[in-house]
Every structure is written in C-alpha cells, then in structure tokens.
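Here the structure comes first, spelled out in structure tokens, and everything after it is commentary.
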Amino acid sequence: MNKEELKQKFDTIFYNPGNLKYYFSPGRINLIGEHIDYNGGLVFPCAISLGTYAVVSLRRDQKISLYSENFSEAGVVSFALSKDLKKENRWTDYVKGVIHELYKAGHSLYQGFNAYIVGNLPNGASLSSSASLELLFCEIIRDLNDLELTDLDLVQISQRAENNFVGLKCGIMDQFAIGMSKKNHAILLDCATLEYHYAPLDLKNHVILILNTNKRRDLVTSKYNERRKECEQGLEWIRSSYKKVDFLCELEPKDIHFLDKNLVDETIYKRVYHVISEMDRVKKTYKALLELDLETVGKLLNESHQSLKENYEVTGKELDTIVEVTQASAGVLGARMIGAGFAGCAIAIVKKEAVDEVISKVKKAYLDKIGYACDIYLAETSNRTKRIA
Ligand code: GLA
C-alpha cells in the first residue's frame, strides 16, 4: 500500500491537518522452533511483507482516536492518555496494553493523535497480527513522544502488554521477530538469553508458501496458557527428580531416557518430549540452512509438524489436512504449522518450478476434504516495524 492510498483512506475518517506520518509493522512466520520460546529455546522466525499500516496526525489534546479498517464495525474508538486504561475485549486492547506498560515503565506520554489503521494480515491466522499492532503502536508512541527506548525495549514492552493486559502468556518470539527483523534474513533467537543472529534466508530455487486454513482460532488463549502450565509442571518434575535446569530447553535428546524410565504423567511427558526434540530440530535446521541443504530443512519441518500434532497436540483437522496434502505434493520439501496452532497458517518450502501446481493441488484437495477454501500466499521477508520515509 502506498502513501497516497493510505492518505486517501485517512481522509475518509479524520480531518487532515497536513504533516501525516506513515508507519508499517510486519507480521511473521517461524521456520522452526514452535512452542519453545517460553521454554528458553531457540526459535527461527522472520518478518513478512504482509502487515499493518498506520497513518497518523497529531492532536492538540491528549486524546487518542483510532479507526481500523479491519474492525470497521467498531467505528472510531477514542480515549484519553491515562495510567488507568481498562481492557475492553476489542482490538484497541493491544494499543491500551502498550500505553499501560509504557506508563508502568515510568515513561511520560503527552502527545495525542488520530490514527487510521489498515492491515493485510489475516487476523487470528497465526501470522501475529496482534504483535504487529503492538509494535506498530510502540513505534508510533516512541516517535511522537521522543521516548528514550531501544528497539529491544519496544519488543519487551509489547510482550508485557500481551501478557499482562491482553492476558495471553505468550513468549517473546513474535514481538522479537517483528521488532528486530531484517529483510532477506531469519533471526535465530535464543529466548533464554535474548542473544540473536541474523541468518541470510537463501533458499536457492525455492520459495516459502504460507498456507492459510481460513479456520479462525477460538479458545486459543486458554489452550495456549494450558500448554504453558503443562511445561511448567514438566520443569517442576525434572527439577525435583533429575536436574536443576532453569528451562526445559536445557535438556538434550540424551536426557529423554530419564523421562522414559520415570514416566509419571503421559501428557506432561509428551509435552516435554516435544520441547526437547524441537530444540534439537532448530539446531539441525540452522546448520542445514547454512550448508544450503534444503532437503534436510524440509524433513525437519515435517518432523516438527508431526511432533506438534502428536506430542504437543496443537494442530487439528484443518492444519493437519493442509500440511499433509502439501507434503504429499511433488516439489514440496517440507511443511509444518506455525505459531500457536489449533488453526491459522502453515508454511511449506517448495521448488519454484512446482509452485503453481502445488497451489492448485492443495487448494483442490483442501476444499474437497474440509468443505471451504484455503488461501495460499508467497512469503516475502521484511524489515522491522518502522516509520515509512
Ligand atoms: C504464539 C506466541 C509465541 C509462541 C508461538 C508458538 O505465536 O505468541 O510466543 O509461543 O505461539 O511457538
């Protein structure tokens, strides 16, 4: 979307005093490392060119007026800058959460603004439309109030907004990917230390496809928070009977024999097994990617999906169907669900020359099996959230 299109949209809702500011915040995909960010694991995401745009004008008062084309039924939502904002269970909670956390961190906010928001990220599709919004508003508010905050500060404030205000106990992966990414790179992030490394995403004659099941997630917050709890129980079990680790991801595949022999709870065992094996797969994927061994990367993606299906139990009929029909298509190296799971999107690594064939085959098979259409997009990488010059 270009500035002229965005300006025209803004003008349909707000008075335009001139001097508009434009911002873009990407979504993200994750190559591998699912449900291990909150277990101190390695994740391997990158930001994508689908995302959220904002057009902003300054106000003379301390009010914030917001309009999102994606939630047009909510109309313009206005509130005054304040330390006491309350959650309302609508899209503006992400903005309020960010403001809440900025005040909590001791920043003083004074600049009111009007903002028109429009995104081309499908909501609730595991491409992180929420983290995209959080980082977008962190960036806007930092810019307008001249706040002394680093990019990493914005990432952490956004995560706290989601954890404390919105109520999803997410890890740091999504906010980090969106707030720190570089085009043409994926980030290998150690979620225990926040050390990170940009890895060139060179897929030779291959592309990444995003496969959207078009099944919206529901109850994902409670199921997600339940998985986190199960991992905490697993950690407790290991710490009290085996090793004093800080995170499950400190365990290695060789530790699994202990779990096998001392099985207490089948569910907890399966969750821990996923975490340990997924951590190992991230390391192997990183190595294979550096060696441009994409066949191996593809296999690891397939294994990751299998484990998320059987051990972590966060897939579901739609995700399994789209992944399985894709994996079975010629020219596909591997496919897996991404993000929290239960619905939303998967990704696949596909040979360029096979892309059209794969798309039509998968679309047809998915429609036949599920009864409604899926969408498939080509993933392009993006830079972090920023003001559009
Ligand atoms: C969601 C969360 C992330 C991460 C993924 C699963 O996207 O926001 O922190 O836990 O699920 O890997």
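All heavy atoms count here, side chains included; hydrogens, waters and symmetry mates do not. In listed order, ligands and their atoms are each counted from 1.
Within ligand 1, the atoms closer than 4.0 Å to a non-hydrogen atom of Arg28 are 7 (O), numbered from 1 in the order shown. Each of the atoms 5 (C), 6 (C), 11 (O) of ligand 1 lies under 4.0 Å from some heavy atom of Gly339. Against a heavy-atom cut-off of under 4.0 Å, Gly171 is close to the following atoms of ligand 1: 9 (O). Applying the 4.0 Å criterion to heavy atoms of Cys170 picks out, from ligand 1, the atoms 2 (C), 8 (O), 9 (O). Contact atoms of ligand 1 toward Met173: 4 (C), 5 (C), 12 (O) (distance under 4.0 Å to a heavy atom of the residue).
By the criterion of a heavy-atom distance under 4.0 Å, neither the backbone nor the side chain of Arg227 is placed next to ligand 1.
By the 30° and 60° cut-offs, the orientation of the rings of His257 relative to Tyr242 is perpendicular.
Checked by atom type and distance alone, the side chain of Asn16 pairs as donor or acceptor with a backbone atom of Gly18 at under 3.5 Å.
Remark: ligand 1 and Ile172 share no N or O pair separated by less than 3.5 Å (distance only, no angle test). Between Ser128 and ligand 1, not a single N/O pair is under 3.5 Å apart. Backbone and side-chain nitrogen or oxygen atoms of Tyr38 are examined, and none is located within less than 3.5 angstrom of a nitrogen or oxygen of ligand 1.
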request  = For Leu20 and Phe10, run side chain to side chain contact (heavy atoms under 4.5 Å, CB included): C-alpha distance rounded to whole Å, both residues' side-chain angles, the deciding distance at 0.1 Å, then the answer.
outcome  = CA-CA 9 Å; Leu20 297 179; Phe10 180 92; 3.7 Å; yes

query = What's the verdict on side-chain hydrogen bond (donor to acceptor under 3.5 Å, both in side chains) for Ser49 and Ser382, showing C-alpha distance, side-chain angles and the deciding distance?
reply = CA-CA 5 Å; Ser49 58; Ser382 162; over 6 Å; no

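For atom 1 (C) of ligand 1, the candidate residues are Ile32, Asp174, Ile36, Val43; the nearest heavy-atom contact is made by Asp174. The heavy atom nearest to atom 11 (O) of ligand 1, considering only Ala340, Gly341, Pro45, is found in Ala340.
Within 6.0 Å of CG on Asp368 lie more than 12 heavy atoms contributed by other residues, nucleotides or ligands.
Tyr366 pairs with exactly one of Thr326, Leu211, Thr321 by the side-chain contact (heavy atoms from CB on, under 4.5 Å) rule, that one being Thr321.
Both the sub-6.0 Å distance and the 45° axial angle are satisfied by Lys223 relative to the ring of Phe342.
Phe44 and Tyr286 have their aromatic ring centers within a separation under 6.0 angstrom.
Side-chain atoms of Glu69 and Tyr116 include a donor-acceptor pair closer than 3.5 Å.
For atom 10 (O) of ligand 1, the nearest protein heavy atom (residue, atom name, distance) is Tyr224 OH, 2.6 Å. For atom 9 (O) of ligand 1, the closest non-hydrogen atom on the protein side is Asp37 OD2, 2.5 Å.
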